[in-house]
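The following block contains the structure, expressed as structure tokens.
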There are 2 protein chains.
Amino acid sequence: MIYLLKGMKQEAPTPKAGRPRAFDVDEALERALQVFWRKGYEGASLTDLTAAMGINRPSLYAAFGNKEALFRKAFDRYAAGPAGFWAVALQAPTAREVAESLLRGSVDSLSKPNCPRGCLAVQGALSCGDEADPIRRELNARRAAGQELLRQRFERAKSEGDLPAHADPADLARYIATLAQGMAVQAAGGASREELSRLVDVALMAWPK
Amino acid sequence: MIYLLKGMKQEAPTPKAGRPRAFDVDEALERALQVFWRKGYEGASLTDLTAAMGINRPSLYAAFGNKEALFRKAFDRYAAGPAGFWAVALQAPTAREVAESLLRGSVDSLSKPNCPRGCLAVQGALSCGDEADPIRRELNARRAAGQELLRQRFERAKSEGDLPAHADPADLARYIATLAQGMAVQAAGGASREELSRLVDVALMAWPK
DNA sequence: TGTATTCTGTATCGTTCGGTAGGCCACCTT
DNA sequence: AAGGTGGCCTACCGAACGATACAGAATACA
């Protein structure tokens with residue numbers, strides 16, 4: 001349930017001057033992602049984050065900016081990693097396969113061991129206080145962007161005769177996105193991999209023929 | 001997307017002794033509900049709450065206990081009010097009508113003017129810090145309880161020949177609940193009434209015949 | 001070796017958080 | 001009218017929040 005994979009880790013290998021970093025920025029970001037994923041943007045305190053990342057506050061601020069910037073970087077990492085199945089699914093040959101790949105990918109991602117149950121794009125900041133509002137809006141925009149990519153893919157499928165004439169690409173995209181989002185809530189509530197998998201079986205019965 | 005309607009407002013009409021309250025407890029609770037609904041449990045500060053309720057902190061504590069107790073009371077009000085369509089839907093004569101009534105009711109609730117976009121049971125505390133964890137668990141349990149009622153209703157429907165033999169009541173209940181939850185996320189992202197309504201049309205295509 | 005540069009760690013900033021103490025006030029019963 | 005009861009309000013509590021100042025330590029370059 002995340003989208004777009006911005007460039008990960010281009011690694012500037014010029015060690016320049018000054019005292020070298022005592023921690024791996026990439027691994028610290030991964031730890032931060034885990035915390036945000038589990039607790040959401042508001043629920044993750046700097047104490048939680050620095051403890052999990054194994055660094056001090058000033059190091060965090062020097063390396064990532066501030067809490068909001070850290071979240072955005074963590075989200076990009078999420079989009080490229082755990083939510084990478086989204087981009088993969090969009091490349092499936094038929095609309096039906098795109099839909100199924102996306103939903104099966106969601107099941108995998110939501111039931112992966114040693115990962116928080118849920119989706120960062122959904123749970124990150126669904127509703128929140130005023131301070132976190134920019135993050136909420138950004139996540140709304142990201143979800144909408146993913147759904148829009150899906151709509152475009154289905155539009156193309158329709159022009160290729162891959163979808164029947166009566167099918168509406170926007171409606172289908174919304175249907176699939178809604179399922180993926182609902183599945184994130186189900187996963188947060190403890191739904192098992194098998195339950196989510198059967199859910200996808202049921203959901204795909206609605207696919208136009 | 002909420003369930004169970006505990007008793008609302010039994011109104012003890014005995015004015016007893018002491019200075020009478022200067023505010024309407026019921027209306028104050030309604031205002032608190034609006035704040036929690038819009039900002040979630042963590043995102044709603046006592047300052048937000050008391051400002052909206054038009055009372056001071058000590059009055060809030062005297063009348064409702066503390067923030068957590070206030071949230072639970074607000075949630076009960078939500079379940080009996082804006083989410084009352086859930087209980088109504090369960091009484092529809094056929095399984096198909098139960099499902100459709102529930103989803104149409106969700107559309108109505110999620111697109112009602114002058115109400116926050118979304119569902120308190122979903123957005124209240126999907127993921128949060130440690131302090132709000134009891135609320136998160138409670139909301140998980142409430143969602144699960146609603147889904148279980150739906151399952152039992154579909155179980156009955158099956159025994160009444162109202163669902164085909166190959167249909168699995170648990171899977172159907174999860175499907176409908178997932179849609180309702182996903183729709184709450186869609187509404188939070190700005191989906192219109194018409195979009196949600198067409199979504200329901202698509203989703204019901206999956207219903208077993 | 002000296003200096004500039006950059007990171008680390010401690011100790012703290014001002015603000016906001018949820019929650020309360022205590023004085024004042026309004027209403028009841030007697 | 002007196003006393004008791006309970007709600008209102010100001011002002012405040014300790015703790016946690018996100019964010020930093022500053023001094024010391026580790027490196028590159030001169």
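Excluded from the calculations below are hydrogen atoms, water molecules and symmetry mates; all remaining heavy atoms, backbone and side chain alike, are included. Since the structure is predicted, the reported quantities are computational estimates derived from the model, not experimental observations. Each chain gets a letter, A, B and so on, in the order its sequence line appears, and its residues count up from 1.
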Protein-nucleotide distance (B:Arg19, atom CZ; D:dG6, atom P), rounded to Å: 14 Å

Set of residues satisfying salt bridge (Lys or Arg N to Asp or Glu O under 4.0 Å) with respect to B:Glu195, sequence neighbours excluded: A:Arg174

Strand-adjacent residues in residues 53-64 of chain A, judged by heavy atoms under 4.0 Å from DNA chain C: A:Asn56, A:Pro58, A:Ser59

Give the table of side-chain donor-acceptor pairs shorter than 3.5 Å for residues 53-66 of chain A, with sequence neighbours excluded, one pair per line with atom names and distance.
unit_1, atom_1, unit_2, atom_2, d
A:Asn66, OD1, A:Glu68, N, 3.2
A:Asn66, OD1, A:Ala69, N, 2.9

All side-chain contact (heavy atoms from CB on, under 4.5 Å) counterparts of A:Ser45, not counting sequence neighbours: A:Thr47, A:Asp48

Residues that B:Asp171 engages under salt bridge (Lys or Arg N to Asp or Glu O under 4.0 Å), provided they are two or more places apart: A:Arg198

A:Asp130 CG to D:dG18 C1', straight-line distance once rounded to whole Å: 16 Å

By salt bridge (Lys or Arg N to Asp or Glu O under 4.0 Å) - contacts of A:Arg19 (at least two apart): none

Residues which pass side-chain contact (heavy atoms from CB on, under 4.5 Å) with A:Ala89, listed by chain and number, not counting sequence neighbours: A:Ser101, A:Leu102

Euclidean distance, atom CD of residue A:Glu131 to atom P of D:dA16 [Å, nearest integer]: 18 Å

Non-neighbouring partners of B:Glu148 that pass side-chain hydrogen bond (donor to acceptor under 3.5 Å, both in side chains), sequence neighbours left out: B:Arg151, B:Gln152

B:Phe154: ring-ring contact (aromatic ring centres under 6.0 Å, His included) partners, not counting sequence neighbours: B:Trp207

Strand-adjacent residues in residues 65-74 of chain A, judged by heavy atoms under 4.0 Å from DNA chain D: A:Asn66, A:Lys67

Close residues, residues 31-48 of chain B, relative to DNA chain C [heavy-atom separation under 4.0 Å]: B:Ala44, B:Ser45, B:Leu46, B:Thr47

Sequence neighbours excluded - ring-ring contact (aromatic ring centres under 6.0 Å, His included) pairs with any residue from residues 113-153 of chain A: none

Contact nearer the 5' end of DNA chain C, comparing B:Pro20 with A:Arg21: A:Arg21

Lys/Arg N to Asp/Glu carboxylate O, B:Asp24 vs B:Arg31, below 4.0 Å: no

